[in-house]
Amino acid sequence: MSPSKPTTGVKRAAGAASPSVGANASSKTDGTASKRQKRDGHATGKDHASTPTPAAAAAAAAENDYGSSLMTNLTYAVDFLKAKGTPKSLQAILDHLTLQHAPEEQQKRFAQAMQQFARIQWNMPPKAKPTDWHVGTYEFRPMLPGVNSKDTLLEYLQSKKDAGATEVKQIKDGWPDCDEAILELEKEHKILTVRTKKEQTPRYIWIDNPNLHHHVDDEFRAMWFKEPLPSADEMPRRLKALGQKATSGDPKKNLNAGQKAPPKRKKASRVQKKFENEHMRSIFDQHKRK
């Protein structure tokens, strides 16, 4: 055989692979890997976005803790101002609450919270601006502002537009030691007082007029309370014997006066229906006779 001519049955070498197949395989592999990477990267990004970072979680926890401590400090500030009874500056309140070294932003938020709190009154200087949060004084605002003496208490009671009672605990909110003054006003017949049964402490008061008070002799009072009164059942008959009519009447007769008798129910009238089976009338008549 001539070496220059190729033999027809010779196989191609195994290492000589088709370059087009390798390129297609590599391109498919690369394409699949890129899609998976994109999908995995997208999912990983979502997980990172939904899960807060440690710094953000710590900041949120610190914010919630500051909110709770703010309300606690407001309560302590109210107690401090109520105990002092005089206006205090912001710096004095911060020193009492040991907040003098707190950040300026935290002090500002605390001052603004006190200015809007219902139990604290902010005395703003005349020339100050609303943005000047560090100026002015603060004092306790009681439930009844200005009621701290007998004269101011009487003025408040006289200025009321209704006849409702005034609770003593509202007076004590701004005037804790008012028991002696209330007792003196009661003896002077300037107020009416309702006391508790056990402790006999004042609970409600109303305005009174001393000109309407008239002294009753003690001997007459003793005679009045010694006179026996008939019972509630006997009172109508005793009044009737004297020719008077009791407003309530005899309780035995009026026992069932408020109860009305139930109405009688009317019997429903039976309407005779038309006999439709005329061809069977004779049969029905025979059964009736039997």
Side-chain angles (χ1 to χ4, degrees), residues 67-99 109-126 128 130 133-216 218 221 225:
S68 60
S69 63
L70 177 64
M71 296 304 301
T72 304
N73 289 329
L74 283 175
T75 304
Y76 289 150
V78 170
D79 296 339
F80 171 70
L81 294 174
K82 184 177 181 180
K84 293 301 180 180
T86 55
K88 295 295 179 180
S89 63
L90 176 62
Q91 188 61 41
I93 299 174
L94 294 177
D95 293 342
H96 176 74
L97 300 177
T98 64
L99 295 176
R109 292 178 60 181
F110 176 69
Q112 292 174 349
M114 284 200 303
Q115 295 167 9
Q116 299 175 1
F117 201 55
R119 304 306 306 276
I120 297 178
Q121 180 177 348
W122 179 36
N123 301 321
M124 182 179 176
W133 56 272
H134 58 280
V135 299
T137 58
Y138 300 84
E139 60 180 319
F140 174 69
R141 179 182 294 169
M143 300 176 68
L144 300 179
V147 179
N148 50 16
S149 64
K150 293 195 296 184
D151 294 336
T152 55
L153 177 59
L154 292 176
E155 290 177 1
Y156 170 76
L157 295 176
Q158 291 172 356
S159 64
K160 290 190 64 175
K161 297 181 180 180
D162 57 358
T166 301
E167 294 188 56
V168 177
K169 68 177 183 179
Q170 294 181 346
I171 303 173
K172 287 187 176 182
D173 187 53
W175 187 16
D177 52 347
C178 62
D179 292 332
E180 185 176 355
I182 290 177
L183 181 60
E184 294 177 357
L185 292 174
E186 185 181 13
K187 290 181 178 179
E188 297 173 1
H189 304 286
K190 294 182 178 180
I191 61 172
L192 296 173
T193 307
V194 172
R195 299 178 177 271
T196 57
K197 293 182 179 180
K198 293 184 178 180
E199 294 83 4
Q200 290 297 313
T201 55
R203 188 175 181 182
Y204 301 102
I205 64 172
W206 289 266
I207 191 68
D208 193 10
N209 190 351
N211 297 327
L212 301 178
H213 175 73
H214 300 280
H215 178 70
V216 180
D218 295 338
R221 290 169 60 91
F225 287 111

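The structure displayed is predicted, hence computed values, not measured ones.
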Atom [atom1] of [X] and atom [atom2] of [Y]: how far apart are they, to the nearest 0.5 Å?
{"X": "Leu74", "Y": "Met71", "atom1": "CG", "atom2": "CE", "result": "5.5 Å"}
{"X": "Phe117", "Y": "Arg119", "atom1": "CZ", "atom2": "CZ", "result": "7.5 Å"}
{"X": "Lys169", "Y": "Ile171", "atom1": "NZ", "atom2": "CD1", "result": "12.5 Å"}
{"X": "Ile205", "Y": "Gln170", "atom1": "CD1", "atom2": "CD", "result": "10.0 Å"}
{"X": "Leu185", "Y": "Glu180", "atom1": "CG", "atom2": "CD", "result": "11.0 Å"}
{"X": "Leu99", "Y": "Phe110", "atom1": "CG", "atom2": "CZ", "result": "6.0 Å"}

| task | For a ring-ring contact (aromatic ring centres under 6.0 Å, His included) with His96, tell me which candidate from Tyr76, Phe80, Tyr138 qualifies. | result |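 With His96 as partner, ring-ring contact (aromatic ring centres under 6.0 Å, His included) holds for just one option, Phe80.
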Residue pair [X] / [Y], side-chain heavy-atom distance below 4.5 Å:
{"X": "Glu167", "Y": "Tyr204", "value": "yes"}
{"X": "Ile93", "Y": "Leu81", "value": "yes"}
{"X": "Glu139", "Y": "Lys88", "value": "no"}
{"X": "Ile207", "Y": "Lys160", "value": "no"}
{"X": "Leu157", "Y": "Lys190", "value": "no"}
{"X": "Glu188", "Y": "Lys150", "value": "yes"}

| message | Is it the case that the side chains of Thr201 and Thr196 hold a donor-acceptor pair, with the cut-off being a distance below 3.5 Å and no angle test? | response |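 Result is yes, a qualifying pair exists.
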| field | No-hydrogen, no-angle side-chain donor-acceptor test under 3.5 Å, Thr72 and Ser69 | value |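 The answer is no; no qualifying pair exists.
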| message | Applying salt bridge (charged side-chain N to carboxylate O under 4.0 Å, His left out) as the test, list every pair that has at least one member in residues 192-215; sequence neighbours left out. | response |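 Residue pairs with at least one partner in residues 192-215: Glu186-Arg195.
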| message | Strictly by salt bridge (charged side-chain N to carboxylate O under 4.0 Å, His left out), give each pair with a member in residues 74-83 just once, sequence neighbours left out. | response |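 Pairs touching residues 74-83 that pass the test: Lys82-Asp173.
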Closest non-hydrogen atom pair between [X] and [Y], with its separation:
{"X": "Ala118", "Y": "Arg141", "value": "O-CD, 3.2 Å"}
{"X": "Gly136", "Y": "Trp122", "value": "CA-NE1, 3.9 Å"}
{"X": "Pro87", "Y": "Thr137", "value": "CB-OG1, 3.8 Å"}
{"X": "Gly174", "Y": "Pro142", "value": "CA-CB, 3.5 Å"}

| message | For the backbone of Ser149 and the side chain of Trp175, can you confirm whether one donor and one acceptor N or O come within less than 3.5 Å of each other? | response |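 No; judged by distance alone, with no hydrogens or angles, the pair does not exist.
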| query | Between Val78 and Phe140, is a side-chain contact (heavy atoms from CB on, under 4.5 Å) present by the stated rule, with each step listed? | reply | CA-CA 6 Å; Val78 170; Phe140 174 69; 3.8 Å; yes
